[in-house]
Amino acid sequence: MFQKILIANRGEIALRVLRACKELGIQTVVVHSTADSDAMHVRLADESVCIGPPPSRESYLNIHQIVAACEITGADAVHPGYGFLSENAKFADILAAHNITFIGPSGDHIRIMGDKIEAKRTAKRLGIPVVPGSDGAINEDKEAKRVAAEIGYPVIIKASAGGGGRGMKVAHTEADLEVALQTAKSEAGAAFGDDAVYIEKYLQKPRHIEVQVFGDGAGRGVHFGERDCSLQRRHQKVWEEANSPALNAEERSRIGDICAKAIADLGYSGAGTIEFLYENGEFYFIEMNTRLQVEHPVTEAITGIDLVHEQIRVASGGGLSVRQEDIKFNGHAIECRINAEDPRTFTPSPGTITHFHTPGGLGIRVDSGVYSGYKIPPYYDSLIGKLIVHGRNRVECMMRLRRALDEFVVDGIKTTLPLFRDLVGNPDIANGDYDIHWLEKYLAKGE
Ligand code: MV4
């Protein structure tokens, strides 16, 4: 097991990882920017190293500073959290070259999944169902038209270096295709320095369902069920739940088993998430994330398994603590992302939190690094905490969520809490009847 882990992140996830390290008796080092000196995780860590000024480029993304902090403190592993360097293959490779363990998959696996064309090709080869579309990159209008005619309109053009919704264009008819292809290519070139694009059938009313997987790096793979993350705004998830209200037990184990086997065959190590669009009873792979995700607590709630413990165990060579048959799905969990934003316009609202009171009681978890008197710096994303609620079934979970939202107090700044108080009373949400476009339509109606 590791002696000392360096946490290369900030905010609630840095605290989340710190807690796991403490439970495992592992010493902790945090690196932080000058904007985060007062952060809770910095106070609670055994050691902290200030690695630079507020801009992420010069601190949380500064590989050399982070490697230097490992050398100075004698950390033997790095947990990258999510965002920042968590899916940076070069960072994983550089740490390996310094004999420091990256708590995550190999640089090569990160690289494959970062290239969306290569990721899709790999998924298909491993027996994962993918969205119908081009086999690789599309360069010519003629090729695009041939593929589109074959799969049928509407089609979507995506950047291979994109992901998470960046660099996509929809073409509804052949007349739209040339413009969509050229725009997608030039935008991809400008944004990513790589203009490779591919074409897929555009699914009009899917749900976003993702499967939590783990590999031990030695040919074993397991799945921890799915999460439904269909409630999003501008590709930012707002509300996530497990299990998906749309799936039955047979569908859950069918897609889960496919994913677990793929992860085993790939020789993948650590936590991963395989993302699907789900429409009319079918799953279609879109991307794989090679990191721990923001919404991992809903999976922890229904399985009772600490996923950060598993990451650390696997990275240290201790293997997974569970076999597939040990993983049971118990009840229902919902996560609300509490952002320091206006609940209608989503404009960031940094500043000082004058009062912070979190709900409690059976089935309630709050993951947050903020406290009364804390000043939210304006430089980073606006997530200030996550409310995760568990119940024996979805109805009980929703009852508890409504009560927990009533107890939650955040004064001094605007937050998205009022949005969740509206959502929890909405009949479509109560019925689990929503797709990836539901939230934006709801917000546009201004209800
Ligand atoms: C799609 C799609 C429809 N058809 N692909 C957006 C994020 C990126 N991960 C993939 N995305 C989409 N890909 C096909 N073939 C619709 C979306 C999409 C979306 C997906 C998940 C959650 C919210 C979304 C909002 C708009 C579009």
Side-chain angles (χ1 to χ4, degrees), residues 82-83 87 113-121 123-124 128-138 144 147-148 150-173 176-177 180-181 184 187-188 191-192 196-211 226-242 244-247 255 272-291 293-295 335 337 346 423 428-429 432 434-444:
Y82 51 68
E87 295 181 283
M113 297 307 167
D115 176 331
K116 305 305 166 186
I117 289 176
E118 196 56 36
K120 198 172 167 187
R121 195 177 280 141
K124 200 170 174 180
I128 297 173
V130 303
V131 189
S134 59
D135 270 332
I138 291 280
V147 174
E150 201 176 294
I151 61 181
Y153 288 89
V155 298
I156 185 166
I157 302 168
K158 297 182 176 181
S160 189
R166 297 172 309 160
M168 310 190 316
K169 287 278 171 285
V170 177
H172 289 276
T173 64
D176 304 338
L177 193 59
L181 181 66
E187 285 183 11
F192 314 116
V197 298
Y198 60 108
I199 298 190
E200 285 181 346
K201 174 95 189 151
Y202 179 68
L203 303 176
Q204 293 182 278
K205 288 181 170 178
R207 299 179 77 112
H208 172 121
I209 293 178
E210 57 184 34
V211 177
E226 84 286 0
R227 297 182 285 260
D228 196 316
C229 309
S230 299
L231 292 173
Q232 312 205 0
R233 179 187 173 269
R234 299 197 181 164
H235 305 299
Q236 293 295 315
K237 293 168 187 162
V238 168
W239 161 304
E240 305 100 344
E241 50 186 310
S244 169
L247 298 195
I255 196 65
T273 299
I274 306 185
E275 293 188 350
F276 294 93
L277 297 177
Y278 174 82
E279 196 175 70
N280 299 327
E282 300 289 336
F283 292 92
Y284 303 95
F285 171 91
I286 46 171
E287 293 174 21
M288 176 171 176
N289 301 319
T290 54
R291 59 168 193 277
Q293 294 203 236
V294 175
E295 59 272 23
E335 173 178 278
R337 294 197 191 189
F346 297 88
L423 291 178
D428 286 348
I429 302 300
Y434 55 81
D435 62 30
I436 61 170
H437 303 296
W438 188 93
L439 183 61
E440 302 221 22
K441 282 190 206 153
Y442 171 83
L443 294 167

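In each ligand, atom 1 is the first atom listed, and ligand 1 is the first ligand listed.
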Check your understanding: Can you list the atoms of ligand 1 that are under 4.0 Å from a heavy atom of Q232?
Key -> 22 (C), 23 (C)
Review point. In terms of side-chain heavy atoms, does T273 have a donor or acceptor partner in E210 at a distance below 3.5 Å?
Key: no
Review point. Regarding R234 and the six-membered ring of F346, is the cationic atom NZ or CZ under 6.0 Å from the ring centre and inside 45° of its axis?
Key: no
Exercise for review: Could you tell me which atoms of ligand 1, counted from 1 in the order shown, lie closer than 4.0 angstrom to a heavy atom of E275?
Suggested key: 9 (N)
Review point. By number and element, which atoms of ligand 1 are closer than 4.0 Å to a non-hydrogen atom of V131?
Key: 15 (N)
**Study point:** Polar contact flag for Y202 and ligand 1 (N/O pairs, less than 3.5 Å)
**Key:** no
Review point. What about Y278 and F283, are their ring centers closer than 6.0 Å?
Key: yes
Practice item. Ignoring angles and geometry beyond distance, decide whether K158 reaches within less than 3.5 Å of ligand 1 through its nitrogen or oxygen atoms. Key: yes
Review point. For T290, does its backbone N or O pair with a side-chain atom of E87 as donor and acceptor, under 3.5 Å?
Key: yes
Practice item. Please work out which of H437, M168, K116, H208 has its closest non-hydrogen atom nearest to atom 11 (N) of ligand 1. Key: M168
Point to revise | Ionic contact status for R337 with E240, cut-off 4.0 Å | key: yes
Practice item. Pull out every atom of ligand 1 sitting under 4.0 Å from any heavy atom of E287, numbered as shown with elements. Key: 8 (C), 9 (N)
**Study point:** Under 3.5 Å donor-acceptor, R291 side chain and G83 backbone
**Key:** no
Exercise for review: May I ask you to check whether K201 has an N/O atom sitting below 3.5 Å from an N/O atom of ligand 1?
Suggested key: yes
Practice item. May I ask you to check if ligand 1 and L203 share an N or O to N or O distance below 3.5 Å? Key: yes
